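Worksheet for the structure shown next.
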Amino acid sequence: MGYVTVTGGQTAIEEAEKLLHHYRTGQSSHPLHPETIEKQMRLLVDRIMGEGGLYAPDHASLALKQAEGDPAEAAFLLRAYRSTLSRNFYTKTVDPGEMRLIRRISSTFKDIPGGQVLGPTYDYTHRLLNFSLREETEEDFSEFLEAVDIDSEQVEQTPSFKKVTELLKAENLLADSEMEQEQEPVDITREKPAFPLSRSARLQSLARGETGAMSALAYSAVRGHGKVHPTIGELRVGYADIEIEYPGRENESLYIGETMLTEVETVNSFTETINNQAGGLNLGYGLVFGHNELKAISMAVLEHSLATEGEAPVHDEEFVLLHIDSVDSSGFISHMKMPHYVTFQAQLNRLRKFQEEEGGKPEDESRKQ
Amino acid sequence: MSPESSKRFRVSAYNFGFLDEGSKREIRRSTLKAVAIPGYQVPFASRELPIGKGWGTGGMQLSLSLAGSRDTIKVIDQGHDDSVNAVSIRHLIQSCTQVEMTRDSQAASLIQSRHRIPEIPLRKDQILILQVPQPDPLKKVESHEKKVKQLHADKDYKGMWLHLYEDISQWGDISISADYPSTAHERYLFAPSPLPRWDVPKLNHSEALCLLGAGREKKIYAIPPHTQVTPLAFDDVPFTTENFGKASCKNCGADNVYLDEFIDDETGQKTYSCSDTGYCHQRMAERRIQ
Amino acid sequence: MFDTIQHEPVLSVQHLSKRFGPGCSSCDEQKLPSNICAACGTIWACKDMTFDLFQGEILGIVGESGSGKSTLMRCLHFEQEATRGAVYMRDYDQRSTDTLTISRQEKQYIKDHVLGLVYQNPWEGLRMDFSSGGNIAEKLIAADYRHVRTIDQRAEELLEKVDIPIERMSECPRYFSGGMQQRVQISKALANQPPLLFLDEVTTGLDLSVQAKVLDLIRMLQREFHVSILIVSHDLSVIRMLADRTMVLKDGDIIETGLTDQILEDPQHPYTQLLVQSLI
């Protein structure tokens with residue numbers, strides 16, 4: 001009944017690591033350079049940074065290389081590394097309204113002040129496998145760059161635009177938000193918040209969530225298993241400056257770098273009221289690391305559905321927030337691979353006892369006899 | 001250590017015990033609170049570790065936060081010192097603490113275990129650390145943490161009793177085999193890791209401190225020395241432990257221990273051996289001396 | 001039946017009020033013409049209610065919907081928090097402590113040991129996915145029964161008493177008719193023989209013939225267990241059949257109290273007169 005555990009565990013693990021190494025090299029003559037991943041697997045890197053909760057493109061690329069491209073494994077590597085880092089500074093609040101945008105669209109208006117900016121998007125590409133990429137060369141890269149002449153300086157100087165929701169706010173079309181005003185956001189990696197969560201804890205959990213899990217839940221919400229039917233007020237992708245307080249000098253900031261962010265604000269019907277107020281339109285909010293539109297939209301949908309009451313799973317904060325974390329879910333699902341023979345033996349012992357005792361047999365078993 | 005694995009972990013790059021001192025302190029604070037309220041689940045900010053959530057991160061964080069250079073640590077999984085998971089955890093603890101490791105439960109000051117308590121009773125100078133996947137027994141009857149917390153506060157355990165009653169109605173006895181719901185000092189209902197029933201009585205009035213850590217669920221709880229641990233049971237359907245009949249260990253001959261069951265490859269016969277391999281090895285060594 | 005009534009109250013309710021809304025300075029509940037404050041919109045569901053329930057007595061509470069009778073019952077069962085007032089129970093600590101002020105754990109003790117409540121909607125009082133036997137067991141377990149055979153026997157006895165065939169004991173009430181569900185709920189509420197039973201519109205929504213059966217059952221159980229009962233109904237005919245004494249509620253006020261026969265024959269308040277008229 002029981003199965004023999006692997007003995008000589010240490011040797012087995014070492015051999016397994018060797019094999020893993022062997023498979024990771026793919027017996028290829030070209031080791032994959034992390035920089036290639038960082039530059040050419042941009043969207044995957046962004047996704048890993050979001051789920052790993054650490055904005056570090058080079059580390060995310062390394063994690064992807066090490067994990068043979070498994071996103072759950074790569075995000076896990078990043079998280080484990082993150083938990084060893086000490087906190088030297090807290091950044092100042094980032095205002096996504098000030099982002100230098102590379103992409104910005106609104107579905108609620110035909111045109112918006114500043115205009116719609118399509119930017120880099122796959123939305124209107126036709127999904128035809130491009131076989132010529134098989135033969136792509138360095139020359140192709142440089143030729144393309146010369147031909148289209150995208151001035152990176154110009155990109156960096158893209159102006160910022162007023163947010164679409166600011167327009168709605170100015171016209172008094174937004175519902176008064178009764179959301180609590182938190183002075184200091186909680187840090188879900190430093191304390192375990194109790195349910196119901198504060199809004200900052202909710203947003204943090206969502207921002208670290210797994211893209212696939214979140215889009216599945218958001219999809220369920222808009223498909224009928226939930227009371228949410230949003231329109232995208234604005235989706236913006238761009239660079240935000242990160243600043244810290246100048247050490248020793250209050251009121252002065254020190255620029256320490258920039259992050260790419262995707263921000264989504266959804267506009268929800270005035271009938272989807274929070275706290276039963278029919279005061280106007282309600283917003284849903286999503287903000288994620290890097291360029292990850294699917295996750296940002298899903299986050300906005302879920303953020304709003306959690307603020308709305310209903311019977312569907314997407315209105316249940318424990319259900320949503322405790323099951324979208326890829327490190328938690330992949331860890332627990334894969335822990336089933338560990339030996340469980342002690343508890344299984346205990347179960348067998350129970351079953352045999354029940355079978356031996358008269359009348360203790362399961363009903364259908366005894367019916368069969 | 002193989003060249004591959006030595007490249008993997010640069011000890012100097014990490015703090016003693018992997019976690020930073022602030023994190024270790026926070027975990028110890030939560031642990032103290034847990035000791036003060038036997039069986040109560042104390043929330044803590046579980047950190048990510050280099051092993052998977054669900055693979056013993058709760059136990060690991062307890063071990064790493066408590067380990068000092070003078071400790072001797074034993075790691076077991078399923079009672080076994082050399083199963084892959086025990087080896088992996090032992091290796092990680094050793095790499096980032098350099099403390100002495102042992103297979104002898106009596107020589108250990110800290111014992112991290114999954115699913116078992118060693119057969120030889122623990123002493124008051126020892127700490128047993130158990131890894132826990134699902135810390136709340138009430139999750140069986142109520143899935144929401146918010147409500148479960150209120151039930152604990154109200155000491156409202158009738159949902160669990162009813163669950164047991166329905167179990168008896170259907171099967172004639174309680175079907176729960178491992179992780180048998182028990183109370184600490186007649187107050188908090190707690191999940192005794194997923195220990196088999198066999199080990200639950202060992203927690204009752206134990207000399208040693210028992211700490212239970214659930215990393216993914218971010219909870220720590222404790223059964224301090226001399227805590228009264230009572231498995232929930234009806235007056236006329238008493239709690240019983242596993243019964244191995246006349247079976248005994250094929251290696252050391254022990255018969256009053258928890259046994260693993262095997263089918264012999266050649267004869268097809270059922271054989272048994274001690275689940276606690278450290279205990280088994282010790283008995284065999286004693287025999288050889290005699 | 002009156003000769004069995006002792007003069008020590010089992011339940012004593014004093015100046016109980018319950019408001020929904022913020023309340024304001026102009027909303028002193030005793031002076032409001034209705035139960036809604038014109039200034040702040042606060043609803044006073046119960047206004048300064050004072051009454052006693054005696055041993056072995058059935059006290060009827062009658063009033064239209066919105067009169068405050070269900071809110072009163074929920075306050076007494078600690079499901080809603082009374083705004084002010086005090087409630088004493090003989091079987092808690094000989095009426096020495098106001099039960100509205102005790103801890104949640106103590107309130108739970110009272111619900112498990114002293115009270116039984118039958119809801120209008122059986123879905124509120126039963127676990128629809130547990131067996132009928134399990135439902136009764138739940139109340140017994142809550143009252144510290146820890147002997148499986150005793151629980152089984154008691155469940156069988158009770159279900160037999162309310163006419164549920166023993167072979168259906170392992171079925172879930174979800175599959176029962178409304179009348180049967182109500183009978184299971186009553187037997188559950190009475191399982192541990194609590195001294196106090198609250199019945200909230202227990203026959204509303206049932207067919208007339210089923211209603212009569214349930215009412216008979218309540219009378220029979222009351223005689224057998226000597227339980228003191230508070231019964232709430234909008235239906236005066238139900239009150240007439242069961243209650244020894246009756247309180248008439250309107251807009252959160254007790255407008256009339258007296259022996260049921262007296263109230264039926266000689267109603268004093270115009271509203272009561274209207275109620276009695278509509279009965280005839």
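Given the structure is predicted, the values throughout are model-derived calculations rather than measurements.
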| request: Check for a donor-acceptor pair, side chain of Ser187(C) on one end and backbone N or O of Arg183(C) on the other, with a separation under 3.5 Å. | output: yes
| request: Can you tell which part of Asp112(C) gets under 4.5 Å to a heavy atom of chain B, answering side chain, backbone, both or neither? | output: side chain
| What option among Ser131(C), Ser170(C), Gly133(C) has the most heavy-atom pairs under 4.5 Å with chain B? | Ser131(C)
| field | Side chain / backbone / both / neither for Leu162(B) at chain C, heavy atoms under 4.5 Å | value | both
| task | Determine the option with the most heavy-atom pairs under 4.5 angstrom with chain B, choosing from Lys107(C), Gln105(C), Glu106(C), His147(C). | result | His147(C)
| task | Please state whether the side chain, the backbone, both or neither of Gln108(C) comes within less than 4.5 Å of a heavy atom of chain B. | result | side chain
| said: Please classify the contact of Asp236(B) with chain C as side chain, backbone, both or neither, using a heavy-atom distance under 4.5 Å. | reply: both
| said: Whether the side chain of Asn135(C) engages the backbone of Val184(C) through a donor-acceptor N/O pair (distance < 3.5 Å, no angle test) should be reported. | reply: no
| Counting only N and O atoms by type, is there a donor-acceptor contact under 3.5 Å from the side chain of Glu124(C) to the main-chain atoms of Tyr119(C)? | no
| Going through the distances and angles, do Phe234(B) and Tyr145(C) end up as a ring pair (Phe, Tyr, Trp, His ring centres under 6.0 Å)? | CA-CA 9 Å; Phe234(B) 288 94; Tyr145(C) 282 60; over 10 Å; no
| query | If you measure from CG on Leu151(B) to NZ on Lys147(B), what distance do you get to the nearest 0.5 Å? | reply | 9.5 Å
